[in-house]
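All chains are named by letter (A, B, ...) in the order of the sequence lines, taking the proteins before the strands, and each is independently numbered beginning at 1.
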Amino acid sequence: MTPAKKPRQLSTRRATAEISLRPERELRAITDRVLRIAKSSGIPETEVHVDEVIDALTRFANNSIHQHVAEHGLTVSLRVVVDGRTARVTTNRIEEDALRAALESAASLASSQPKDPGLLPLPGKQTYRRVRRFIDATAALSAESRARAVKGTCTLAESKGQIAAGIFSSGQSQSVLANSRGLSAAYRQTQAEFSVTMQQGSATSWAKANAADFRALDPLALAKTASEKAARAENPAELGPGKYTVILEPAAVLDLVGFLFYDFSATAIQDQRSCFSGRLDKPLLGRNVTITDDVYHPEQLGAPFDGEGIPRQRVILVDGGVPRNLVYSRRSAKKSGLRPTGHGFALPNEYGEAPMNLVIGGGNSSIDEMIAGTDRGLLVTRLWYIRELDPYEKVMTGMTRDGLFLVEKGKISRSVRNFRFNQSILQMLQNVEALGPSRRATAEESFEMVVPPMKIGNFHFSEVTKF
Amino acid sequence: MIRMTNVSLLPGTWTPENLIADTDEGILMDTNRSWSIDDRRYQFQFSTEIAWEIKSGKKTRMLKNPSYSGITTEFWNSCDAICNAEHWVLWGTPNCGKGQPMQTMGTGHGAAPARFRNVKIGTAFSNQ
């Protein structure tokens with residue numbers, strides 16, 4: 001509702017990270033050690049992931065900070081392939097004896113598995129496109145810096161007679177993946193996230209953002225957005241259920257579209273449990289809907305390789321409303337006679353693969369323009385408790401929350417009580433009347449995506465709640 | 001985080017057979033399929049895997065895509081019969097998560113078949 005303003009710079013001059021990631025060479029030394037022990041133990045094929053994570057979080061409620069938490073962990077997850085059987089063991093101990101014991105456990109577990117005729121030999125060396133997602137300033141963000149940003153939010157809330165709650169988190173992580181056929185991959189990233197709920201009387205609103213570089217976040221601007229909407233959300237009117245034109249903010253779009261995540265999996269198509277089964281290469285969604293998986297998009301995060309170390313490709317999943325392509329692990333690609341797209345999960349797993357970096361093509365309509373062009377409709381801040389009712393028609397249920405506003409004659413007229421929706425995502429994406437610019441958005445029920453706000457006709461609200 | 005991990009419905013005195021025989025017109029629903037409730041726990045909607053119509057105290061035809069919905073307090077105020085301890089089951093120990101970052105806890109909730117009057121049904125699939 002409020003246009004994005006230039007991010008306020010948080011100072012890092014006095015901020016010092018209490019802890020930092022190990023040099024990559026130390027993680028590589030662990031993978032080398034595992035592969036050496038495996039070779040000397042006569043294990044034919046071994047894959048090893050070493051993951052290190054540092055996360056810190058400042059939590060606030062009732063206009064004050066009540067918790068700082070931080071954690072630092074390192075795990076070694078190794079998989080062996082022995083005679084067409086595979087098994088994985090994960091440990092957080094890195095001593096020689098512990099790694100040897102983990103390998104022995106994995107070999108023992110593999111030997112007790114049934115032979116898997118679809119299991120492939122480990123992949124060999126790969127070449128990766130470089131992505132830069134480790135931002136020193138984010139890694140150095142201290143609890144004191146996060147607290148200063150939270151103070152600004154709480155001061156704003158107090159000045160408005162409101163109550164603020166939320167989190168400000170920051171973290172850094174790295175992964176090294178290697179296998180006994182010479183594959184070697186490494187990746188590191190930082191991440192920061194600010195989420196705020198503002199309460200005025202019995203009304204609440206919310207705003208949230210997430211990025212590799214914390215300087216791309218503007219906590220005070222997010223707090224102002226949530227504050228203004230909370231003030232506007234008081235004393236909601238009750239409307240009857242029915243079909244409404246809705247303007248979905250990006251968080252609402254991503255939480256719904258995120259449920260298509262597994263449907264783009266080639267394994268799901270092969271198993272005939274995808275909503276795209278029998279619908280590929282046919283018009284299914286609106287011509288203005290294009291969905292891509294693109295780990296290389298500048299606003300995306302994540303490693304440029306998958307769970308087996310295969311380089312991720314950019315894949316156009318839906319092109320002008322037509323589902324065109326799927327994502328493939330090595331296994332599903334072999335079954336279909338195609339090349340893997342680099343979207344497989346670490347083996348063994350029951351899902352196969354999925355796109356992790358969805359980008360939905362946007363348009364030129366701002367939310368304000370969508371409102372101005374709407375005679376009667378509803379502006380939806382976000383959704384909640386979304387669950388699937390029909391997996392093939394992709395009918396979902398859930399609630400609106402944190403600010404539902406009636407739009408009349410091109411203006412927001414008032415707040416209204418929250419609705420339950422029962423709505424097919426496929427039908428919804430046939431009824432997209434306008435798209436705004438795509439941007440990285442985050443919510444609570446799906447992973448982050450680059451999505452536009454959408455104006456959608458005939459969105460089905462079935463029941464209303466008490467607030 | 002405070003979490004009510006072990007809330008159970010105490011058993012009543014009915015048997016399922018007597019409960020069906022005592023019901024003129026109703027729907028018997030079984031096995032949860034989907035669940036969703038608003039963030040203040042008022043408006044809920046559940047769908048179940050299977051249901052049968054009850055007519056004149058007898059379980060009759062099977063029904064497709066059953067669901068029920070309502071407002072929590074109104075729903076529980078409409079409960080007029082609960083089956084006895086023989087039919088009470090402590091349902092599993094799945095988990096439930098809340099918070100930022102997510103905190104999960106093991107949960108277990110016990111219940112016996114129960115009857116609720118004047119419950120709204122069928123809205124989950126009413127748009128198809």
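Using a 4.5 Å heavy-atom threshold, the side chains of A:Ser202 and B:Arg40 count as touching. Looking at B:Asp39 and A:Tyr385, their side chains never come closer than 4.5 Å, going by heavy atoms from C-beta outward. For the pair B:Phe125/A:Leu389, a side-chain contact is recorded, criterion being any heavy-atom separation below 4.5 Å from C-beta on.
For A:Thr204, the parts lying under 4.5 angstrom from a heavy atom of chain B are both the backbone and the side chain.
Panel note: side chain A:Trp384, backbone B:Ser36; no donor-acceptor pair is recorded below 3.5 Å.
For B:Tyr42, the OH atom is loosely surrounded, since the number of other residues' heavy atoms within 6.0 Å does not exceed 12. Within a 6.0 Å sphere centred on CD of A:Gln67, heavy atoms belonging to other residues, nucleotides or ligands number more than 12.
The minimum heavy-atom distance between A:Thr397 and B:Gln45, with the atom names listed, is OG1-NE2, 3.2 Å. Across B:Asp38 and A:Phe467, no two heavy atoms sit closer than the pair OD1-CE2, 3.4 Å.
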Open item on the list: Using side-chain hydrogen bond (donor to acceptor under 3.5 Å, both in side chains), reason through B:Gln43 and A:Asn418 one step at a time and then give a plain yes or no.
Closed with: CA-CA 9 Å; B:Gln43 209 286 333; A:Asn418 287 296; over 6 Å; no

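For the set A:Glu463, A:Arg387, A:Met399, the entry with the most heavy-atom pairs within less than 4.5 Å of chain B is A:Glu463.
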